[in-house]
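For reference, the structure is listed below as C-alpha cells.
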Amino acid sequence: LQRLVDDGLAAAVSAKGTMLRAKLEAVFGQHPNIGDIRGRGLFLGLELVEDRQSKKPFDPALNIAGNIKKQAMLAGLMVYPAQGTIDGRHGDHVLIAPPFIIAENEMDVLVERLNTAVSAAIVC
C-alpha cells in the first residue's frame, strides 16, 4: 500500500479514470445498445440494452454480456460480464478494470478492442 501512495499511483487513478471514461464516451456515448457508462476511477462499466431510448434490456437467453466477454478475449481484452443486474434475471453489463499503471495509448487499445467485441457480439 505504501508504494501505491509513495509512487503516486492512487492519486493518478482519478485523472486516468476521467481520461478513460472520455474515450469510452467518444466511442460508445451514442451507441444504440449502450444504455449507460458509469463507474469510478478506472473501475468502469457499460450497461448493455436492446434499446438505448427505453433502456429495454436484452433477453437473458441472448447472453449478451457473456458473448462480449468471449469476443473481448478473442481480441486480447479481459472484461467482467454481469447478468441479471436489474432483477436477478434481466440486465447485462460488462466491467473493465485496467491496472493503475495503464498508459493513454493502452487506453486507446482497450477501447478499440472493446468496440470490436461489442460489434461482434451485438448485431445492431
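Computed from a predicted model, the values in this text were never measured in an experiment. Residue numbers run from 1 in the order of the sequence given.
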#### Entry: Side chain Asn115, main chain Val111, donor-acceptor under 3.5 Å
no

### Task
Drop me the distance from Ile68's CD1 to Thr116's OG1, to the nearest 0.5 angstrom.
12.0 Å

### Task
Would you mind reporting whether Arg38 and His93 have side-chain heavy atoms less than 4.5 Å apart?
yes

### Task
Could you tell me whether a side-chain N or O of Lys55 sits under 3.5 Å from a main-chain N or O of Gly35, the two making a donor and an acceptor?
yes

### Query
Which atom names give the shortest non-hydrogen contact between Arg21 and Gly39, and what distance separates them?
NH1-O, 3.6 Å

### Task
Please determine which of Asp92, Ile64, Val49 meets the side-chain contact (heavy atoms from CB on, under 4.5 Å) test together with Ile122.
Ile64

#### Entry: Leu24 vs Leu114 side-chain heavy atoms within contact, under 4.5 Å
yes

### Query
NZ of Lys16: more than 12 outside heavy atoms within 6.0 angstrom?
yes

### Summary
What one should report as the nearest heavy-atom pair of Ala75 and Arg113 is O-CD, 3.1 Å

### Query
Between CG of Asp36 and CZ of Phe28, what distance do you get to the nearest 0.5 Å?
13.5 Å

## Note on the structure
For Pro81 and Ala65, the nearest pair of non-hydrogen atoms, with its separation, is CB-O, 3.5 Å

### hydrophobic_cluster_shared for Leu95 and Ile37, side chain cutoff 4.5 Å
no

### Task
Answer with yes or no whether the hydrophobic clustering places Val5 together with Ile101; edges join I, L, V, M, F, W, Y residues whose side-chain heavy atoms lie under 4.5 Å apart.
no

### Message
I need the minimum non-hydrogen distance between Pro99 and Leu42, along with the two atoms involved.
### Response
O-CD1, 3.6 Å

### Query
Is the CE atom of Met73 crowded by more than 12 outside heavy atoms at less than 6.0 Å?
no

### Message
Between Arg89 and Asp87 (salt bridge meaning N to carboxylate O under 4.0 Å), is one present in this structure?
### Response
no

### Query
At what distance, to the nearest 0.5 angstrom, does CG of Leu20 lie from CD1 of Ile102?
6.0 Å

#### Entry: Student check: side-chain heavy atoms of Val94 and Tyr80 closer than 4.5 Å
no

### Summary
Rounding to 0.5 Å, atoms CD (Glu25) and CD (Gln30) come to a distance of 8.5 Å

### Message
Return the CG to CG distance between Leu110 and Asn105, rounded to the nearest 0.5 Å.
### Response
11.5 Å

### Query
Quick one: does Asp59's side chain have a donor or acceptor within less than 3.5 Å of a partner on Ala61's backbone?
yes

## Note on the structure
Residues at least two apart in sequence or cross-chain that pass salt bridge (charged side-chain N to carboxylate O under 4.0 Å, His left out) with Lys23, listed by chain then number, are Glu104, Asp108

#### Entry: Contact check, side chains of Arg3 and Asp6, non-hydrogen atoms, under 4.5 Å
no

### Validation row: Gln83, Asn63 side chains within 4.5 angstrom (heavy atoms)
yes

### Query
In terms of hydrophobic clustering (I, L, V, M, F, W, Y; side-chain heavy atoms under 4.5 Å; direct or indirect links), are Leu62 and Ile86 co-clustered?
no

### Query
Does Met19 share a hydrophobic cluster with Phe43, counting links as ILVMFWY side-chain heavy atoms below 4.5 Å and allowing steps through other members?
no

### Query
Between Asn33 and Glu50, is any side-chain donor less than 3.5 angstrom from a side-chain acceptor?
no

### Task
Report yes or no: does Glu106 contribute a side-chain atom to a donor-acceptor pair with the main-chain N or O of Ala103 at less than 3.5 Å?
yes

